[in-house]
2 protein chains.
Amino acid sequence: MDSKRSVADQAVDAVADLGRDIGDYIREQRSTAQISLRQLAKLAGVSNPYLSQIERGLRKPSAEILQQIAKGLRISAEALYVQAGILEQRVGGAVVDAVLADTELTERQKQVLLDVYETFRRENAAKRPADATEDTEE
Amino acid sequence: MDSKRSVADQAVDAVADLGRDIGDYIREQRSTAQISLRQLAKLAGVSNPYLSQIERGLRKPSAEILQQIAKGLRISAEALYVQAGILEQRVGGAVVDAVLADTELTERQKQVLLDVYETFRRENAAKRPADATEDTEE
DNA sequence: GCACTGCGCTTGCAACTGCTAGCGCCGGCA
DNA sequence: TGCCGGCGCTAGCAGTTGCAAGCGCAGTGC
């Protein structure tokens, strides 16, 4: 059945690669939040040298550290995990599905929500056509 | 929005402890699936001694390993992360979860969407106060 | 000029992860 | 009976994470 261990390979392979992406993402979120590396390090409860290395892609942080950082940045841990390649990306379908499946909303409200959602996505797509993983907000 | 920091605290505090829980969970899933430790190890692409130690709580696996194991068990990685205490339990329902997990939205946009969502829910709750509290998740 | 504070980064080091090799045990088979 | 394969586990080892200590640099007050 596994004539090739593509899954494992990809994971192992891409993680090393993605180490940089996650670092970029964190650094970007940090500068957006306008806090220094040391501040975030303290907020997140990690050492500042280590955070520095993470941001520059020299180290691959464990999930706990990622969670701490997410907390420090006040962003969802899931977003970071996806960036780190340790959680599958849930594409737009997930949001649409969830909204449609929600029993507390009227059909009209669902329509409004999905409309806003689509607008946001289009906005972002226009801003950064190829790379949708980076967050250039504001 | 983090009115439930008990989870966070637990995560940070009890990670060492939770190593055992996640192991139990994995072992349980494995026996449910009726596969041997070695089989799962092969499926997940990890060594069988290591998986053994994980299941007995002697080692705390990294997120990649957890993901591999989740794949091998054919369960969602998120379930495992929650068990491991590195991901907060989904609370606000599927919509909130899906929005937060969406990587194409900026954090600001997520806030807006969730805000609208909350507004709708409150509106509806005001209209029909009693019977709206059903579990929409399976 | 000169201390002082905060910034990000480099350097070793302890602790951990995750592996290979190998152990004892049990059931099937000639 | 011996032998073979699979089971879970122990022992010992590279390689990594995550840290404290310390570097140089820029801005500020005296």
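Sequence lines set the chain letters: A, B, ... in the order given, protein chains first and strands last, and positions in each chain run from 1.
Residue contacts shown for Ser47(B) include a base, since a base heavy atom lies under 4.0 Å away.
For Val46(B), counting side-chain heavy atoms from C-beta on, the closest listed nucleotide (dT17(D), dC19(C), dC7(C)) is dC19(C). Closest to the side chain of Pro49(A), out of dC19(C), dG22(C), dT10(C), is dT10(C). Ranking dG8(C), dC19(C), dC19(D) by closeness to the Gln53(B) side chain, first place goes to dC19(C). Distance from the side chain of Asn48(A) is smallest to dC9(C) among dC9(C), dC9(D), dG18(C). Candidate nucleotides dG18(C), dT10(D), dT17(D) were compared by shortest atom distance to the side chain of Arg56(B), and dT10(D) ranks first. Comparing dC19(D), dC19(C), dG8(D) by their nearest atom to the side chain of Ser36(B) picks out dG8(D).
The backbone N or O of Glu64(B) lies less than 3.5 Å from no partner atom in the side chain of Gln67(B), so there is not a single donor-acceptor pair. Although no hydrogens or angles enter the test, the distance criterion places a donor-acceptor pair under 3.5 Å between the side chain of Thr32(B) and the main chain of Glu28(B). A donor-acceptor contact shorter than 3.5 Å is absent between the side chain of Gln68(A) and the backbone of Ile65(A). Side chain of Ser31(B) to backbone of Gln34(B): no donor-acceptor contact under 3.5 angstrom is found.
Put simply, Ser62(A) has no side-chain N or O that comes within less than 4.0 Å of OP1 or OP2 on dT17(D). Of the side-chain N and O atoms in Arg30(A), one or more sit less than 4.0 angstrom from OP1 or OP2 of dG8(C). The side chain of Arg59(A) places an N or O atom within less than 4.0 Å of a non-bridging phosphate oxygen (OP1 or OP2) of dT17(D). Between Ser52(B) and dG8(D) there is no side-chain polar atom (N or O) within less than 4.0 angstrom of OP1 or OP2.
Atom CG of Leu51(B) and atom P of dT10(D) are 14 Å apart (whole Å). Rounded to an integer number of Å, the gap from OH of Tyr50(A) to P of dC16(C) is 14 Å. As rounded to whole Å, 13 Å separates atom P of dG8(C) from atom NZ of Lys42(A). Whole-Å rounding puts the Lys60(B) NZ to dA15(C) C1' distance at 12 Å. Across the protein-nucleic acid pair, Leu37(B) atom CG and dG6(D) atom C1' stand 12 Å apart, rounded to whole Å. Here dT16(D) presents its P atom at 13 Å from CG of Leu58(A), a figure rounded to the nearest Å. If you measure from atom CD of Glu55(B) to atom C1' of dC7(D), you get 13 Å, rounded to the nearest angstrom. To the nearest angstrom, C1' of dG8(D) lies 16 Å from CD1 of Ile26(B).
When each of Ala63(B) and Arg38(B) is assigned the nucleotide of DNA chain C with its nearest heavy atom, Ala63(B) is the one assigned upstream, toward the 5' end.
With rounding to the nearest 0.5 angstrom, the CG atom of Leu113(A) is 8.5 Å from the OH atom of Tyr117(B).
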